[in-house]
There are 2 protein chains.
Amino acid sequence: MCRGRGDKALTRPRSRRGGGRPTIADVARKAGVGAITVSRALREPGRVSEDLRRQILAAVDELGYVPDPNARALASARAEVFGVLVPSLTNNVFAEVVRGIYDSLSDSPFRIQIGNTHYSGLEEERLLQVFGSQRPAALIVAGIDQTPSARRLLENAGCPVVQVMETGPDPVDMMVGFSHFDGGRTAAEHLLEAGYRKIGFIGARMDPRSQRRLAGYRAAMEAAGLFDPRLITTTPVPSSVSLGRELFRDALAKMPTLDGVFCNNDDIALGVLFECHRASIDVPKQIGIAGFNDLDMMQVSFPSITSVRTHRYEIGTRAVAMALAAIAGNRPEQRIVDLGFELMPRESTAR
Amino acid sequence: MCRGRGDKALTRPRSRRGGGRPTIADVARKAGVGAITVSRALREPGRVSEDLRRQILAAVDELGYVPDPNARALASARAEVFGVLVPSLTNNVFAEVVRGIYDSLSDSPFRIQIGNTHYSGLEEERLLQVFGSQRPAALIVAGIDQTPSARRLLENAGCPVVQVMETGPDPVDMMVGFSHFDGGRTAAEHLLEAGYRKIGFIGARMDPRSQRRLAGYRAAMEAAGLFDPRLITTTPVPSSVSLGRELFRDALAKMPTLDGVFCNNDDIALGVLFECHRASIDVPKQIGIAGFNDLDMMQVSFPSITSVRTHRYEIGTRAVAMALAAIAGNRPEQRIVDLGFELMPRESTAR
DNA sequence: CAGACAAATGGTAGCGCTACCATGATTGGG
DNA sequence: CCCAATCATGGTAGCGCTACCATTTGTCTG
């Protein structure tokens, strides 16, 4: 059983499958050290003497050595990957969060893997399964309404988990966001204070966050004794500017005496504004408009549109900061971070 | 040398680093077959008898086995990853391309890794280096103006490469896009045909594609004998609606007799439209406006805005289709795919 | 100055999977 | 009915890296 092991034909290294890319062994040979020392010099420079470190880095440079992340992940049972789950890639809101994540991670060794759940709980479960198989360093997921099964996957992920976009009572691990209910209520209260009475709610793609904004609007309207279910116009269709215009026409047809609208997001609000222009409805005199998220264009439009500013980029950067801290071993004491929002009153509600 | 190998203390498997996740060996044991047969059953079901395949799939199901992509990548020297390089994550244009890529790859085994180059050639090189170390199955990169060093990395990537967004004469491998020069020229010609004469160009973030649109505009203006460098207003600052407004004011200040503008993109065009509203400039009578990309809102605005429709989502899906074909071994005969564009004439240029 | 201890380095054995080759069973042509 | 060709399956040896332990060297205490 033992003889024959030294046989040349059997021992010959397989022709480099990797296409001749230098490996850690090549670097070690060139620097005249053991492979493990190269590994250490790259990962924990403090544990290698300065002389060797210099030699090793020189060899790395000369050979153009780049560690193979797959081999690394396999050997250490931990991939340097952040898994990120968002419901949409084109919605500016999530794009901003993702941008924050990328920017915060750009000079770390961590790679990012984005999953698009398409607002589907099942798809979220599937992606969590796929992500889990890679043993990611951290997971960042949008929303707090995971299915029970998805929640279990998150709890057993064996890595820091940050739920973003919203705050809620029961984090899987950590949370960064704000209260959509309060945001919706604040917008509605602002319209009420500005003197509007028949204030409609217009929303598309009624995901859980939209539902909570609607609930906040409703709370404000009920508190003022002005709530009427016919004020609400929604659709499950994805949001867009043109959809905003259509929904507003529906809303007006249903309730011609409407004098204000809280739009579930800024795209809708812009569509409403355009329809007002087209139908010669004076904004803010005849109709007050408030949006949500405060995209750049809200301050430029004519008239400028009142909106609730949310801190999307910061949600991304903060989530990464918390995950990174947890990875480093000092989990933040504050597990739920509420970044709040800011009402931006503008011409569209300045009656 | 040979004796001692069987020694219990040495042979004992290391405590499962992976935290007890089932491995292919567990599945093999449960199904009563060799590990390699499990591997085959999962990757090339045709090569395993139906009996065994059924047994194996049952075992996989029961154990909840999910293959470790890192081990896979290491053993096969090929990761099931598409590397995607875009200059921006928030720009709707690239978001749409990326969405097309995701949708086309969603039920394939391939994962996606996005890199954000921030419009920087150096950053692109760095990311290519990082991506290369993973031996991706394919690379999709935006643009055709790679640095020489980035181009070399792409050529040596050892996988299909698709350059997207533009067409050009000299693909690294494959290409999907359209001619930005023609797009710019078409928009300018349309404005000229509509009777506008002093047609300005307004652009932000003058990346190579913007430059080519500008060149197309210039060609049209020169052909009409109407070109004047003072008609051009640009800035390297990232594009936004509010920036569009500001640049338009600059343009007007510089050349008060302006009677039309071709905007490098729709955000800018929207900003121009808003400024016209604010300054009571009649569109399309006093000023004609044309945008680029044809975002949804262009058809809804008041007045609706003429734009050049580009097929961004299709660029993503087509790029994936080509890469997949190349991976499967049948490289498409047509290596350069021009998806064209479509002028959408609207109220903003209907004098 | 012996012994204990820390710091620096290296060897070995896997991580979980697949490429490569070997083997046995089955088929078909002469 | 034999031998070659084909098919189905398995064994072995890595892929490139790091965890774990062993070894060496230098440093400090009493």
Side-chain angles (χ1 to χ4, degrees), chain A residues 1 4-7 9-29 31-53 55-56 65-80 133-135, chain B residues 1 4-7 9-29 31-53 55-56 65-80 133-135:
Chain A
M1 201 211 202
R5 286 286 270 82
D7 185 296
L10 290 177
T11 307
R12 164 195 106 258
R14 202 182 321 184
S15 68
R16 268 286 173 64
R17 298 203 275 221
R21 225 191 245 53
T23 73
I24 202 169
D26 298 325
V27 176
R29 207 169 310 119
V33 299
I36 191 68
T37 306
V38 175
S39 176
R40 272 199 283 259
L42 262 26
R43 290 176 304 134
E44 6 176 27
R47 289 176 41 70
V48 174
S49 71
E50 206 181 307
D51 280 9
L52 279 192
R53 201 187 327 147
Q55 263 172 264
I56 290 170
Y65 169 73
V66 183
D68 181 331
N70 298 118
R72 240 183 201 182
L74 184 59
S76 65
R78 184 55 70 203
E80 290 184 318
S133 70
Q134 298 184 64
R135 306 148 191 280
Chain B
M1 202 209 201
R5 286 287 268 82
D7 185 296
L10 288 177
T11 306
R12 163 194 107 258
R14 202 182 322 184
S15 68
R16 269 287 174 62
R17 298 204 274 220
R21 225 193 245 53
T23 72
I24 202 168
D26 298 325
V27 177
R29 207 169 308 121
V33 300
I36 190 67
T37 306
V38 175
S39 175
R40 271 197 285 259
L42 263 25
R43 288 177 304 134
E44 6 177 26
R47 291 178 35 71
V48 174
S49 71
E50 205 181 308
D51 280 6
L52 279 193
R53 201 187 328 145
Q55 265 173 260
I56 289 170
Y65 169 72
V66 183
D68 181 331
N70 298 119
R72 235 179 209 188
L74 184 59
S76 65
R78 186 52 71 203
E80 290 185 317
S133 69
Q134 298 183 65
R135 307 148 191 282

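Each chain gets a letter, A, B and so on, in the order its sequence line appears, and its residues count up from 1. What you see is a predicted model, and the numbers here were worked out from it, not measured in a lab.
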Of the nucleotides [options], which has the atom closest to the [X] side chain?
X	options	answer
B:Ser49	D:dC20, D:dT9, D:dC15	D:dT9
B:Arg43	C:dT18, C:dG16, D:dC17	C:dT18
B:Pro67	C:dA19, C:dC17, C:dG11	C:dC17
A:Ala75	D:dG10, C:dG14, C:dG11	C:dG14
A:Ser39	D:dT18, C:dT18, D:dT9	D:dT18

- prompt: Does A:Arg47 have any side chain to side chain donor-acceptor pair (under 3.5 Å) partners at least two apart in sequence or in another chain, and if so, which?
  reply: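 Applying side chain to side chain donor-acceptor pair (under 3.5 Å) to A:Arg47 gives none.
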Practice prompt. Tell me whether the OP1 or OP2 atom of D:dT18 has a side-chain N or O from A:Arg72 closer than 4.0 Å.
Written response: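 True: A:Arg72 side-chain N/O within range (under 4.0 Å) of D:dT18 OP1/OP2.
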Check this one for me: any side-chain N or O of B:Thr37 less than 4.0 Å away from OP1 or OP2 of D:dA8?
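No.
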A:Tyr65 or B:Gly34, whichever maps to the more 5' nucleotide of DNA chain D: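 On the 5' side of the pair lies B:Gly34.
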Exercise. Would you kindly compare B:Ala71 and B:Val38 by the position of their nearest DNA chain D nucleotide and give the one closer to the 5′ end?
Key: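 The residue closer to the strand's 5' end, by nearest nucleotide, is B:Val38.
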Please state how far atom [atom1] in [X] lies from atom [atom2] in [N], giving the value in whole angstrom units.
X	N	atom1	atom2	answer
A:Arg135	D:dT18	CZ	P	16 Å
A:Leu74	D:dC17	CG	C1'	8 Å
B:Leu42	C:dT18	CG	P	8 Å
A:Ile36	D:dT18	CD1	C1'	5 Å
B:Arg29	D:dG11	CZ	P	13 Å
A:Ile24	D:dA19	CD1	P	11 Å
B:Arg47	D:dC7	CZ	C1'	9 Å
B:Arg21	C:dG16	CZ	P	9 Å

Notebook entry, point to check: Would you say the side-chain atoms of A:Arg78 pair up with the backbone N or O of A:Arg135, donor to acceptor, closer than 3.5 Å?
Noted result: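 Yes.
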task: Using a cut-off of 6.0 Å, state whether more than 12 heavy atoms not belonging to A:Glu44 lie near its atom CD.
output: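 More than 12 within 6.0 Å, yes.
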Exercise. Can you name the nearest heavy-atom pair linking A:Gln134 to B:Asn70, along with the distance?
Worked result: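 Minimum heavy-atom contact is O-OD1, 3.7 Å.
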- Task: Can you see which heavy atom on A:Ile56 is nearest to which on A:Ala41, and at what distance?
- Result: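 Heavy atoms of A:Ile56 and A:Ala41 come nearest at CD1-CB, 3.8 Å.
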Side-chain donor/acceptor of B:Arg40 to base of D:dG10, under 3.5 Å: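 Flag set: donor-acceptor pair detected.
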